[in-house]
2 protein chains.
Amino acid sequence: MPHDFKQIYASANRACSFLKVLANPDRLVLLCRLAEGECCVSELESALNIHQPTLSQQLGILREEGLVTTRREGKHIFYRVISLESIAILKALQTQFCKPRPPEPH
Amino acid sequence: MPHDFKQIYASANRACSFLKVLANPDRLVLLCRLAEGECCVSELESALNIHQPTLSQQLGILREEGLVTTRREGKHIFYRVISLESIAILKALQTQFCKPRPPEPH
DNA sequence: CTAATTATTTATGAATTTATATTATGTAAC
DNA sequence: GTTACATAATATAAATTCATAAATAATTAG
C-alpha cells in the first residue's frame, strides 16, 4: 500500500462520480449536442425522442453535477456545457467511439 | 430527429458500456496501475487492500469487457491492458482528475 | 385582469438493475 | 499439501430508470 494510496483513491472517486454521470446514453448524447453549442430544452427534445419529463430529469442530473448551466430567455431555458472536464473527456470519447465507421457491406 | 440518429445512439451505447466498466473506483485504480505495465494479481491485491475474491471479480469484469488480457507464468497470472480506448480515456481522465493538486495549507 | 397555453421542473413511486460483501469451493502449478 | 487465483452461490443494499401526475413561470388571448 503506497503512501499516496489515499490521494489515488480520492482522484479515482472524483473521476468515478463524473464517469457515472456520463455513463448513460441519453445524457451522453445530450452532452455531445450541448458541447456543440447552447441549446434549449425543446430543441433537445426533438433531437432525442425521449419523453419530456425524462429529458428534464437527465438535464437536472447534468445541472446538479455541475456539467452544464442554464439561462432563461422568455419561455425557453437554454443549456450549455460549463465543465472543462466534460469537454476534454467528450472529445476523447468521440475520438474513440465515433470514428468514421468501416464501410458497410450491403 | 436527424438521419444519423441511430448511429449516434449506437456510438453512445458503446461508449456507455465502456464508461460503466470504468465507473468504479477499484476498477479505475486497477486500470491505472495496469496501464503503467503488466502486473500479477497478488501485486494488485497488495496495492488495493480489497479481498481476493472481490479483486478477482473486478478483474473478471475487465477481462470480459475486453479491456485487459492475461498470461500465466507458473503460479502467477499477469494482467495487462489491451484496449486502446482504455489507454486513451485513462490518459484524458488522469489529465483532468489527477492534476498536481494545489499546495496544501498546513 | 383573468384564463388558457406553452415550456419546463419537481415529486412520487414501482420496477428493475446493479453493486458489494461473504463464504465456500474449485483448479492449476509447484 | 500449499500457493495463487477463479468461480459460484447467496444475501443484502443501493442505485437507476421510467412513467404519471402535479406544480411553476412566462406568455398570450380574451
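Per chain, numbering begins at 1; letters A, B, ... match sequence-line order.
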Could you check how far [atom1] of [X] sits from [atom2] of [N], rounded to whole Å?
X: A:Q52; N: C:dT9; atom1: CD; atom2: P; value: 7 Å
X: B:E64; N: C:dA19; atom1: CD; atom2: P; value: 12 Å
X: A:L59; N: D:dC18; atom1: CG; atom2: C1'; value: 15 Å

Report task. Would you mind classifying the nucleic acid contact of A:Y79 as base, sugar-phosphate or nothing, using non-hydrogen atoms under 4.0 angstrom? Result -> sugar-phosphate
Is there a side-chain polar atom (N or O) of [X] under 4.0 Å from OP1 or OP2 of [N]?
X: A:R27; N: D:dT17; value: yes
X: B:S42; N: D:dC5; value: yes
X: A:H76; N: D:dA26; value: no
X: B:H51; N: C:dT22; value: yes
X: A:N24; N: D:dT17; value: yes

Nucleotide of [options] approaching [X] most closely (side-chain heavy atoms):
X: B:S56; options: D:dA4, D:dT7, D:dC18; value: D:dT7
X: B:Q58; options: D:dC18, C:dT20, C:dA24; value: C:dT20
X: A:R63; options: D:dC18, C:dT9, C:dT20; value: C:dT9
X: B:V41; options: D:dA6, C:dT20, D:dC18; value: D:dA6
X: A:K75; options: D:dT7, C:dA29, D:dT27; value: D:dT27

I'd like to know if the side chain of [X] reaches the main chain of [Y], judged simply by a donor and an acceptor atom lying under 3.5 Å from each other, with no hydrogens or angles considered.
X: A:R72; Y: A:G74; answer: yes
X: A:R14; Y: B:C98; answer: no
X: A:S86; Y: A:I82; answer: no
X: B:S83; Y: B:G66; answer: no
X: A:S11; Y: A:Q7; answer: yes

Query raised in the report: Donor-acceptor pair under 3.5 Å: do we get one between B:Q57's side chain and the base of D:dA6?
Result: no
Query - 5′-ward residue of the pair B:C40/A:G74 relative to DNA chain D - result: B:C40
